[in-house]
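Would you mind keeping the following structure in view while I ask a few things?
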2 protein chains.
Amino acid sequence: MKPNRKSPTMSDVARKAGVSAMTVSRALKADSVISPETRSAILEAAEELGYIFHAAASNLRSQRTDFVAVTIPSINNANFADTVAGLSEILSGRNMQTLLGYTNYDVDVEEQLIEQLLRRNPQAIVVTGGHHTARARRLLENARIPVVETWDVPDQPIDHYIGFSNADAVRAMVDHFVAVGYRRIAFIGGDAGRDTRGSDRRRGFLTAMRSHGHDDPCLIAAGAPPISMREGADAMARLLHDHPDTDAVICVSDLSAFGALTECHRRGIVVPDQIAIGGFGNYEIAGMCVPTLTTIDAHAREIGLRTGSLILDLLDGATGTMAIDVKPGLIIRRSSLRETSPRDSQ
Amino acid sequence: MKPNRKSPTMSDVARKAGVSAMTVSRALKADSVISPETRSAILEAAEELGYIFHAAASNLRSQRTDFVAVTIPSINNANFADTVAGLSEILSGRNMQTLLGYTNYDVDVEEQLIEQLLRRNPQAIVVTGGHHTARARRLLENARIPVVETWDVPDQPIDHYIGFSNADAVRAMVDHFVAVGYRRIAFIGGDAGRDTRGSDRRRGFLTAMRSHGHDDPCLIAAGAPPISMREGADAMARLLHDHPDTDAVICVSDLSAFGALTECHRRGIVVPDQIAIGGFGNYEIAGMCVPTLTTIDAHAREIGLRTGSLILDLLDGATGTMAIDVKPGLIIRRSSLRETSPRDSQ
DNA sequence: ATGAAAGCGCTAACAC
DNA sequence: GTGTTAGCGCTTTCAT
């Protein structure tokens, strides 16, 4: 096992290097005034002792942690990973870190998480989505740090937001489907209530369909978010069974859309000739599968980059509340473009 | 903007509740001796003031942080996400958190990350893989906490490990391909040197092929890890062009294998009749795509669960060094099973 | 069941 | 360029 004596502190390094603890502290900061010889002697002593800087003590005294807390729904989602990557890239330019937490698409988990994260005294907090529990709202409102909501346009922003309307994004896709001739369009998404972005997308679907004169479009509930490929496939199977006249389906994400696509393959149903499919997120798979998937690019990385810049500006003393809309892009691919017109092929 | 006065401390809560700070501290711990009335009065006062517990101060004084540091290659990988989920599940039963860092498949980044993580005084550290820089090894050896290497069987374990031989896992797949009649088998993987697990898989492929009497099998380098679907597709295009007699290909992961599969679809090449494909990782897509992909299940979640249990045992005072092999499973699916024998169909 | 005193390891503030 | 002092907010320890 391991040696059991106490970890060396700055005092130990100071003693070994023949200086004071304060000088050791300066030697370990990049931008402090100290003679180069003293510094290198100290760094050498530190390395020999196996000294590890004690972040908690530093944070306590200096009242800064140099990190930004971030909540995202899942550890395993390329969209949110891209947002975090963009954010981290900007923050690392100022030697700041991101402290990540996962809500599992659940606002109650989010509430717990926000409290956990605030206990570690971040310099700012970024949350995914604009729907929160009452207590989570209060925690964020009372936090004495910048708060940024992302991936949404909140009804009542807490502080700043950088995102887009999930409902409007889906409306754009419905408009496209209608424009190219689809009429009996269904929606595959999560069960109502839990994933707020998914619910917003379903709501946008309904509104758009009604504005096109389709009052009661078919909605398939595929389970609790996130909707997996398998759940997308199962939902497609149900849709084909219960509503065989459907000529297009919009899925809450590319992953469920891909699952739906494979179900069509298995049944020998040709996409898009017999049924069109649309997804959401522009995941890599949407551009790779056969046929390629029509989808919506939320500009995940851009959201992260802008969030990072905003936070740096705010920490530099910028004032005012920022409300930034990052307009998603509709990406039209093969899964919604058939050669013949819909009417002809039915 | 936000109120700018100082955050309330335990003393503020104590004053409001008419008790000492020490009593507030007790009220906030679940298992401390305190009268129920005092506690509820204190909790109410804390909530009213918007008090947030200051983790750094607590950590400094108590010398415990209740978190475990974890390095994984990527934030966006279902295999590593499953391992982290398993680990977190076990740790959360003891109110411990995971502090995650991402190496981007780079041992130099890993070295930086390990130092960053150790500064926050974790109670244990888990790293993915058994290859590290010399300095990273030293940091881990000198850390006064349990160290667990995962997803590998290290040549020289630092402390404990829970994983499997990536080389042996691929050997099992080669044996299967040979057993069902494939002979001209190629490998698609990352460029040599960077992703150590991928390199181990390539090495296992070469060793296995030689043991079957194929001395110079075809290796396609697809770029720096992680290998994307697109890179898998591009590699397959090169393979088909340069080595048209290939009858099977093993890919370093299911994602690149799926890319390779789509390239075959685009060219009208039938899998597995004209070429067989194998992947690695048993990602969801491997069981969904058409045809389904033969792959290797590394039991990612199981690795995380066992790592968590081991850490709890060690923190409880267990001694001895654990070396646990979690044997991967070969999952044979349609992409490597043709109806007719290979010789007949050529 | 509760309180008082001390101190975890670092750095702000000031002195020289 | 370097040292001294004090204290960040909490919890250990001991006392009552």
Side-chain angles (χ1 to χ4, degrees), chain A residues 5-43 45-46 49-67 95 115-116 118-123 144, chain B residues 5-43 45-46 49-67 95 115-116 118-123 144:
Chain A
R5 66 207 146 76
K6 223 166 143 317
S7 292
T9 70
M10 278 194 181
S11 301
D12 298 321
V13 178
R15 195 172 313 115
K16 176 148 184 149
V19 295
S20 73
M22 193 59 233
T23 303
V24 175
S25 175
R26 292 189 178 106
L28 298 177
K29 302 279 149 216
D31 55 349
S32 47
V33 278
I34 186 171
S35 81
E37 309 86 63
T38 313
R39 167 171 278 149
S40 59
I42 288 171
L43 292 180
L49 286 176
Y51 171 74
I52 298 283
F53 183 86
H54 195 300
S58 171
N59 295 343
L60 177 58
R61 174 65 241 225
S62 66
Q63 301 290 53
R64 40 207 309 275
T65 54
D66 284 344
F67 65 69
N95 286 315
E115 183 162 22
Q116 290 299 321
L118 290 177
R119 285 168 165 236
R120 302 204 186 267
N121 284 37
Q123 317 263 171
R144 289 155 176 78
Chain B
R5 66 208 147 75
K6 222 164 145 317
S7 292
T9 70
M10 278 193 183
S11 302
D12 298 321
V13 177
R15 196 172 312 113
K16 176 147 185 148
V19 296
S20 73
M22 194 56 235
T23 303
V24 175
S25 176
R26 291 191 181 104
L28 298 176
K29 301 279 150 214
D31 55 349
S32 46
V33 277
I34 186 169
S35 81
E37 310 85 63
T38 313
R39 166 171 279 150
S40 59
I42 289 171
L43 292 180
L49 287 176
Y51 170 74
I52 297 283
F53 183 85
H54 194 301
S58 171
N59 294 343
L60 177 58
R61 177 62 242 224
S62 66
Q63 302 290 52
R64 35 205 312 275
T65 53
D66 283 343
F67 64 68
N95 285 316
E115 185 163 20
Q116 291 298 322
L118 289 178
R119 285 168 165 235
R120 302 204 186 266
N121 283 36
Q123 318 263 172
R144 289 157 177 76

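Chain A is the first sequence line, chain B the second, and so forth, proteins listed ahead of strands; every chain is numbered from 1. None of the values given here were measured: they were computed from a predicted structure.
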If you check the Met10(A) side chain, which of dG3(C), dT11(D), dT11(C) turns out closest?
-> dT11(C)
When Ile52(B) and Arg26(B) are each assigned the nearest nucleotide of DNA chain D, the 5'-most assignment goes to Ile52(B)
Phosphate-side-chain proximity, Gln63(B) and dC10(D), N/O vs OP1/OP2 below 4.0 Å = no
Length of the CG-P vector between Leu28(B) and dT12(D), whole Å | 13 Å
Consider the side chain of Ser35(B), meaning its heavy atoms from C-beta on, and name the nucleotide among dA1(C), dG1(D), dC10(C) that approaches it most closely.
-> dA1(C)
Which part of the nucleic acid does Ile34(B) contact within heavy-atom distance under 4.0 Å: base, sugar-phosphate only, or nothing?
-> sugar-phosphate
In terms of the nearest nucleotide of DNA chain C, which residue is placed more toward the 5' end: Ala57(B) or Asn59(A)?
-> Ala57(B)
Of the listed dT4(D), dT12(D), dG3(C), the closest approach to the Val19(B) side chain comes from dG3(C)
Given dC10(C), dA4(C), dA1(C), the nucleotide with the shortest approach to the side chain of Ser58(A) = dC10(C)
Would you say Ser25(B) reaches dT11(D)'s phosphate, i.e. side-chain N/O to OP1/OP2 under 4.0 Å?
-> yes
Map Pro36(A) and Met22(A) onto DNA chain D by nearest heavy atom, then report which one ends up closer to the 5' terminus.
-> Pro36(A)
On a plain distance test, is the side chain of Arg61(A) in donor-acceptor contact with the base of dG9(D) below 3.5 Å?
-> no
Below 4.0 angstrom from OP1 or OP2 of dC8(C), is there any side-chain N or O of Lys6(A)?
-> no
Short side-chain to backbone donor-acceptor contact, Gln123(A) and Phe67(A), under 3.5 Å | no
Heavy-atom nearest nucleotide on DNA chain C taken for Leu60(B) and for Val24(B); more 5' hit belongs to Val24(B)
